[in-house]
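This report concerns only the one structure given below.
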Amino acid sequence: GIQVEQSPPDLILQEGANSTLRCNFSDSVNNLQWFHQNPWGQLINLFYIPSGTKQNGRLSATTVATERYSLLYISSSQTTDSGVYFCAVFAGGTSYGKLTFGQGTILTVHP
Amino acid sequence: ETGVTQSPTHLIKTRGQQVTLRCSSQSGHNTVSWYQQALGQGPQFIFQYYREEENGRGNFPPRFSGLQFPNYSSELNVNALELDDSALYLCASSLGTGGAWRTYEQYFGPGTRLTVT
């Protein structure tokens, strides 16, 4: 099956810093989602992005499907951005939409 | 519009017991998918339900089973619980099943944390 790798595994920032999280995938995908998992376990949808670039406030994402990667940019980070960020892909080739997740990037933002 | 809800939030069971977890899909969504998230890992796909039938399954044994009801809510049942079943169980709903030619964004509930002792 498809493999999804996220980097870095851990990231520690000071409030106000910018960061880039990367997601590589081993095969072509139909679509891709980025999530933020808060300390209580809730997965919050950030982006649904098969290709191109999208922006939402301080966050933006770019997916280059032909090169099999996606990037999540966080600008002017805040302590509330702390948590785990997951990339998940829809690999297609089946009759159902299954998300395959990476292992996540643990982000800690210090005040 | 209500989001995805799950119950209970926490559960403690003994090895060998059976457990039922519940999920109500987001308003207007007809498809429910279940995922298991072990500590420190990304969620793993268990199965998906559409029109009250299992529509796809991940690498989980038959003691993991489910139901979907006419109102699109769903249950996950796990029999003969093992210690390794301790995890966060996440339910996701979507407008459709997705698949080879079309995908639908999935929205997750808050999860049920299951501890097996």
Side-chain angles (χ1 to χ4, degrees), chain A residues 1-7 9-10 21 23-51 54 56 61 63 65 70 72 83-106, chain B residues 3-6 8-10 26 29-51 53-60 66 68 87-115:
Chain A
I2 193 167
Q3 304 297 313
V4 180
E5 292 185 3
Q6 292 186 242
S7 59
D10 297 275
L21 283 58
C23 172
N24 291 332
F25 36 95
S26 61
D27 205 344
S28 59
V29 299
N30 287 355
N31 221 317
L32 183 147
Q33 288 189 241
W34 281 99
F35 297 93
H36 174 211
Q37 188 167 42
N38 66 22
W40 297 272
Q42 174 83 58
L43 280 170
I44 298 162
N45 290 40
L46 297 177
F47 295 101
Y48 177 63
I49 180 169
S51 62
K54 291 187 177 180
N56 184 4
T63 296
S70 183
L72 177 69
V84 186
Y85 289 80
F86 286 104
C87 161
V89 302
F90 291 94
T94 66
S95 62
Y96 56 92
K98 158 191 166 182
L99 279 173
T100 299
F101 283 77
Q103 293 289 84
T105 292
I106 302 172
Chain B
V4 180
T5 60
Q6 292 186 242
T9 54
H10 294 86
Q26 184 167 314
H29 286 185
N30 59 16
T31 302
V32 171
S33 303
W34 286 92
Y35 294 81
Q36 180 196 66
Q37 186 178 19
L39 198 62
Q41 305 292 318
Q44 299 287 318
F45 176 78
I46 303 175
F47 43 52
Q48 183 182 78
Y49 275 82
Y50 173 67
R51 291 185 175 177
E53 290 192 1
E54 186 179 293
N55 186 49
R57 190 178 186 93
N59 189 26
F60 281 82
Q68 187 180 32
L88 180 66
Y89 288 85
L90 295 162
C91 164
S93 76
S94 54
L95 274 173
T97 62
W101 306 112
R102 178 162 187 176
T103 60
Y104 294 89
E105 188 171 4
Q106 295 192 8
Y107 296 85
F108 284 78
T112 294
R113 193 165 299 277
L114 173 65
T115 302

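Below, chain A is the first sequence line, B the second, and so on; all start at residue 1. Atom set for the values below is all heavy atoms of this structure, side chains included, hydrogens, waters and symmetry mates excluded. These numbers were taken from a predicted model, which means no experiment stands behind them.
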Heavy atoms from other residues, nucleotides or ligands near CG of B:Asn59 exceed 12 (cutoff 6.0 Å): no

Under 4.5 Å from a heavy atom of chain A, the part of B:Gln44 involved: neither

Approximate separation, where rounding is to 0.5 Å, of B:Asn55 CG and A:Lys98 NZ: 13.0 Å

Engaged part of A:Gln37 at the chain B interface, taking heavy atoms whose separation is under 4.5 Å: side chain

Pick from B:Gly56, B:Pro110, B:Gly111, B:Pro43 with the largest number of heavy-atom pairs that fall under 4.5 Å of chain A: B:Pro43

Parallel, tilted or perpendicular: ring planes of B:Phe108 versus A:Phe35, cut at 30 and 60 degrees: perpendicular

For the student: nearest non-hydrogen atoms of A:Asn45 and B:Gln106, plus distance: ND2-O, 2.9 Å

Within 6.0 Å of CD in A:Glu5, more than 12 heavy atoms from elsewhere: no

Contact summary for A:Gly97 and B:Ser33, nearest pair of heavy atoms: O-OG, 4.5 Å

Selection from A:Gly104, A:Gly41, A:Pro50 maximising heavy-atom pairs under 4.5 Å formed with chain B: A:Gly41

Verdict with reasoning, A:Tyr96 to B:Thr31, per side chain to side chain donor-acceptor pair (under 3.5 Å): CA-CA 10 Å; A:Tyr96 56 92; B:Thr31 302; over 6 Å; no

B:Tyr35, part contacting chain A, at a heavy-atom distance under 4.5 Å: side chain

Gap between atom CD of B:Glu105 and atom CD1 of A:Ile49 - 0.5 Å precision: 11.5 Å

Results of side chain to side chain donor-acceptor pair (under 3.5 Å) for A:Tyr85 - residues two or more places apart only: none

